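Each ligand, and each atom within it, is numbered from 1 in the order the structure gives. Note that the structure is a prediction, hence the values are computed from the model and not measured.
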Amino acid sequence: MPCQSSGELKELVLEAKKCAKKGKVADYIPALGKANPNDLSIAIHYPEGNCIQAGDIEKKFTLQSISKVISLALVLMDRGADYVFERVGMEPTGDPFNSIAKLETMVPAKPLNPMINAGALVVTHMIKGNTVEERLDRLLSFIRDLVGDASVSYNEEVAQSEYETANLNRALIYFLKQHKVINEDVETLIDLYTKQCAIEMNCYDLAKIGLVFAMDGIDQEKNKRIMPVDIARICKTFMVTCGMYNASGEFAIKVGIPSKSGVSGGIMGAVPGRFGIGIFGPALDQKGNSIAGIKLLELLSKNYQLSMF
Ligand SMILES: NC(=O)CC[C@H](N)C(=O)O
């Protein structure tokens with residue numbers, strides 16, 4: 001793996017790790033409960049192809065909510081922004097990621113944004129293909145392109161574990177189906193969504209995806225455009241306004257880097273025009289974000305003036 005270990009990053013990881021004990025690994029998806037709350041790793045990918053890292057960056061984790069920003073990019077490419085935003089909104093909610101509350105207050109029942117579960121389920125519903133396998137394959141090949149690694153796949157154990165317990169997400173789909181926002185079989189969509197959330201990689205790969213967003217959709221090393229500039233811009237904007245769930249405002253003030261987190265403890269960051277960041281730290285704060293991961297980003301942003309604001 002062409003990624004240099006960095007003493008400076010290692011210091012920051014050690015500092016940030018101290019707050020991991022205040023967090024808790026997610027266990028509402030039982031398979032995620034096996035993670036080690038003390039883990040913390042980071043990789044930073046630069047456009048020229050070089051990379052620096054600290055911690056055990058070989059360790060794989062599932063994308064969970066980080067996959068929402070990638071599936072959004074895919075459906076925007078497939079269906080166009082007008083079609084997508086007729087079905088899912090653009091506004092932050094201020095509610096937890098899995099909340100059903102706001103849906104009932106909206107007429108029509110259109111989820112407020114694609115980063116909360118209700119909105120992400122609508123986005124996954126829009127992935128084209130005739131079967132779950134075909135649709136998952138389309139998403140996986142896009143992700144393989146972003147990472148530049150054809151072996152990226154999903155973790156069957158985590159997918160199955162979420163499939164067996166995803167009753168709140170089923171409730172969201174039933175609600176959206178009743179209101180005709182979704183018109184497919186509930187179990188089919190849950191199957192696809194849980195496999196999407198279980199797509200796994202290490203933080204080196206995740207930093208590469210962050211880099212493509214940071215560079216407006218271009219893989220600079222290969223001199224290849226992976227997504228249109230406008231779509232990269234829309235995704236980064238959502239990362240700023242809703243990427244850290246209902247902690248996005250505080251995160252924008254303290255860190256100021258477009259980022260997306262997931263309940264496995266991953267965070268993907270895209271520092272516009274500069275580099276991509278991949279972090280894995282499974283101990284979560286109360287809002288479901290990696291507690292040490294956020295601390296690490298705060299330290300990085302402060303020490304190297306990375307805030308975009
Ligand atoms: N916040 C998250 O990462 C949520 C993703 C998870 N698969 C869920 O739907 O509950």
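- Counting heavy atoms of neighbouring residues, nucleotides and ligands inside a 6.0 Å radius, atom NZ of Lys128 exceeds 12 of them.
- Under a 4.0 Å criterion applied to the non-hydrogen atoms of Gly262, ligand 1 contributes the atoms 3 (O).
- Short contacts between ligand 1 and Phe97, defined as distances under 4.0 Å to a heavy atom of the residue, involve ligand atoms 1 (N), 4 (C), 10 (O).
- Counting heavy-atom neighbours within 6.0 Å of Glu48 CD, excluding the residue itself, gives a total above 12.
- With a 4.0 Å heavy-atom cut-off, ligand 1 is reached by the side chain of Asn117 but not by its N, CA, C or O.
- For ligand 1 and Tyr193, the ligand atoms under 4.0 Å from any heavy atom of the residue are 5 (C), 8 (C), 9 (O).
- Within the 6.0 Å centre-distance limit, the rings of Tyr204 and His45 are counted as a close aromatic pair.
- In terms of protein heavy atoms, atom 10 (O) of ligand 1 is closest to Tyr28 OH, 2.5 Å.
- Residue Lys177 places its NZ atom among more than 12 non-hydrogen atoms of other residues, nucleotides or ligands, all under 6.0 Å distant.
- The environment of Glu187 atom CD is dense: over 12 non-hydrogen atoms of other residues, nucleotides or ligands sit within 6.0 angstrom.
- The aromatic rings of Phe280 and Phe61 lie parallel to each other, their planes meeting at an angle below 30°, with 60° marking the opposite boundary.
- For ligand 1, one of its N or O atoms has an N or O atom of Val263 under 3.5 Å away.
- Annotation for ligand 1: atoms under 4.0 Å from non-hydrogen atoms of Gln64 are 3 (O), 5 (C), 6 (C), 7 (N).
- On a distance-only criterion, Ser261 and ligand 1 share no N/O pair closer than 3.5 Å.
- Looking at atom 4 (C) of ligand 1, its nearest protein heavy atom turns out to be Ser65 OG, 3.1 Å.
- Figure legend: Arg87 and Tyr83 shown as a cation-pi pair, the cationic atom lying under 6.0 angstrom from the six-membered ring centre and within 45 degrees of its axis.
- Within 6.0 Å of CD in Glu134 there are more than 12 heavy atoms belonging to other residues, nucleotides or ligands.
- Contact analysis leaves Asn98 out of contact with ligand 1, as no non-hydrogen atom separation drops below 4.0 angstrom.
- In Cys197, the part holding a heavy atom less than 4.0 Å from any atom of ligand 1 is the side chain.
- Applying the 6.0 Å contact sphere to CD of Glu184 captures more than 12 heavy atoms from other residues, nucleotides or ligands.
- No part of Thr194 comes within 4.0 Å of ligand 1, judged by heavy-atom distances.
- The closest protein non-hydrogen atom to atom 1 (N) of ligand 1 is Tyr245 OH, 2.7 Å.
- Under a 4.0 Å criterion applied to the non-hydrogen atoms of Glu162, ligand 1 contributes the atoms 6 (C), 7 (N), 8 (C), 9 (O), 10 (O).
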